[in-house]
Amino acid sequence: MLVAQEGKVLYQEAIGLRDFENLVALKKNDIFEMASVSKQFTAMMIMMCQEKGLLDYDDPVGKYLDIPYRGITIRQLLTHTSGVPDYQAVMDEHWDKSKVAGNPDILEYLNQYQPPMLFEPGEKYEYSNTGYVFLASIVEKATGRDFVELMREWIFQPLGMKNTDIRSPEAKAKVKNFAAGHIKNEAGEYVNANNFHSSDYTVWLGNRKGPGK
């Protein structure tokens with residue numbers, strides 16, 4: 001918990017355990033998953049590309065990506081009004097969870113299995129993880145650069161965000177103060193969720209870029 005007012009920290013404290021198995025106490029500088037908070041950074045990358053003249057918000061997504069869905073714009077991806085289906089459902093059903101999937105794999109499986117659109121683009125709002133996978137992939141296509149490297153160069157480093165990064169599963173494993181999620185095993189004990197690869201999508205989808213990290 002952190003309480004601040006007018007830029008001054010009034011109260012900051014960490015409560016609980018970072019590691020339930022080894023009873024390691026949580027500390028104020030421990031590293032957490034940002035999960036879908038990452039989406040605002042993905043949106044910012046798109047906005048920076050637009051400022052640099054590399055793309056336009058009303059460009060069709062098909063200009064940058066090979067996807068089986070037509071009539072969708074970048075703006076609709078940003079605003080969760082695209083109607084694209086949930087990629088996690090397709091990957092959960094068909095992906096070999098002993099491997100780690102990334103954006104190219106997600107695009108490949110959407111093309112292969114082609115789940116139907118949820119609604120016509122622009123028809124309504126529905127929160128979409130798939131849209132933000134597409135946005136990160138569009139950034140890479142528009143810039144010819146790796147999304148993670150570009151995020152560091154354009155946002156994290158200029159802002160002095162020394163503890164924030166987009167980490168692969170291997171990189172996360174090397175962060176000693178990483179606060180991993182925990183789930184209960186059959187005995188009712190809390191254990192590191194990364195031990196359950198098939199049920200932890202942050203592991204077998206660990207190389208995706210855009211929707212969360």
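It should be emphasised that the depicted structure is a prediction, and the values quoted were computed from it without experimental measurement.
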Checklist entry - Out of curiosity, does M151 fall in the hydrophobic cluster containing V37 (side-chain heavy atoms, cut-off under 4.5 Å, transitive links)? => result yes

Item to check | Shared hydrophobic cluster for F147 and V100 (ILVMFWY, side-chain gaps under 4.5 Å) | outcome: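 No, no single cluster joins them.
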
Item to check | Derivation and outcome, side chain to side chain donor-acceptor pair (under 3.5 Å), residues S137 and N103 | outcome: CA-CA 7 Å; S137 299; N103 288 25; 3.1 Å; yes

Is there side-chain contact between [X] and [Y], with heavy atoms separated by less than 4.5 Å?
X: N207; Y: S168; result: yes
X: L26; Y: L17; result: no
X: K27; Y: N177; result: no
X: W204; Y: D96; result: no
X: D66; Y: L107; result: no
X: V148; Y: F156; result: no
X: L77; Y: I138; result: yes

Checklist entry - Under 30°, 30 to 60°, or over 60°: which ring-plane class applies to Y190 and F20, parallel, tilted or perpendicular? => result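 If you compare the ring of Y190 with that of F20, the planes turn out tilted.
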
Item to check | Exercise: identify the closest heavy-atom pair between P121 and I72 | outcome: CG-CG1, 3.7 Å

Item to check | Nearest non-hydrogen partners of Y69 and P115, listed with the distance | outcome: OH-O, 2.6 Å

Item to check | Those residues that, when tested against H80, pass side chain to side chain contact (heavy atoms under 4.5 Å, CB included) (two or more places apart) | outcome: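 Checked H80 against side chain to side chain contact (heavy atoms under 4.5 Å, CB included); matches are K39, Y125, Y127, S128, Y132.
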
Next on the checklist: Run the side chain to side chain contact (heavy atoms under 4.5 Å, CB included) test against E120 and tell me which residues pass, sequence neighbours left out.
Outcome noted: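 In terms of side chain to side chain contact (heavy atoms under 4.5 Å, CB included), with neighbours along the sequence ignored, E120 is linked to E123.
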
Item to check | Lys/Arg-Asp/Glu bridge criterion (N-O < 4.0 Å) met for D92, K97 | outcome: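 Looking at K97 together with D92, the answer is yes, because their closest N to O distance falls below 4.0 Å.
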
Next on the checklist: Set out, in order, the CA-CA distance, both residues' side-chain angles and the distance that settles side-chain contact (heavy atoms from CB on, under 4.5 Å) for F119 and E126, then state yes or no.
Outcome noted: CA-CA 9 Å; F119 51 84; E126 186 166 328; 3.6 Å; yes

Checklist entry - Sequence neighbours excluded, which residues qualify as salt bridge (charged side-chain N to carboxylate O under 4.0 Å, His left out) partners of D56? => result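 Testing D56 for salt bridge (charged side-chain N to carboxylate O under 4.0 Å, His left out), a comparison that skips the adjacent residues, returns none.
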
Checklist entry - Is it true that the side chains of E189 and N185 contain a donor and an acceptor less than 3.5 Å apart? => result yes

Next on the checklist: Testing the 3.5 Å rule here: is there a donor-acceptor pair between the side chains of Y87 and N129?
Outcome noted: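 Short answer, no.
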
Item to check | side-chain contact (heavy atoms from CB on, under 4.5 Å) evaluation trace for I155 with M45 | outcome: CA-CA 8 Å; I155 300 179; M45 292 292 285; 3.7 Å; yes

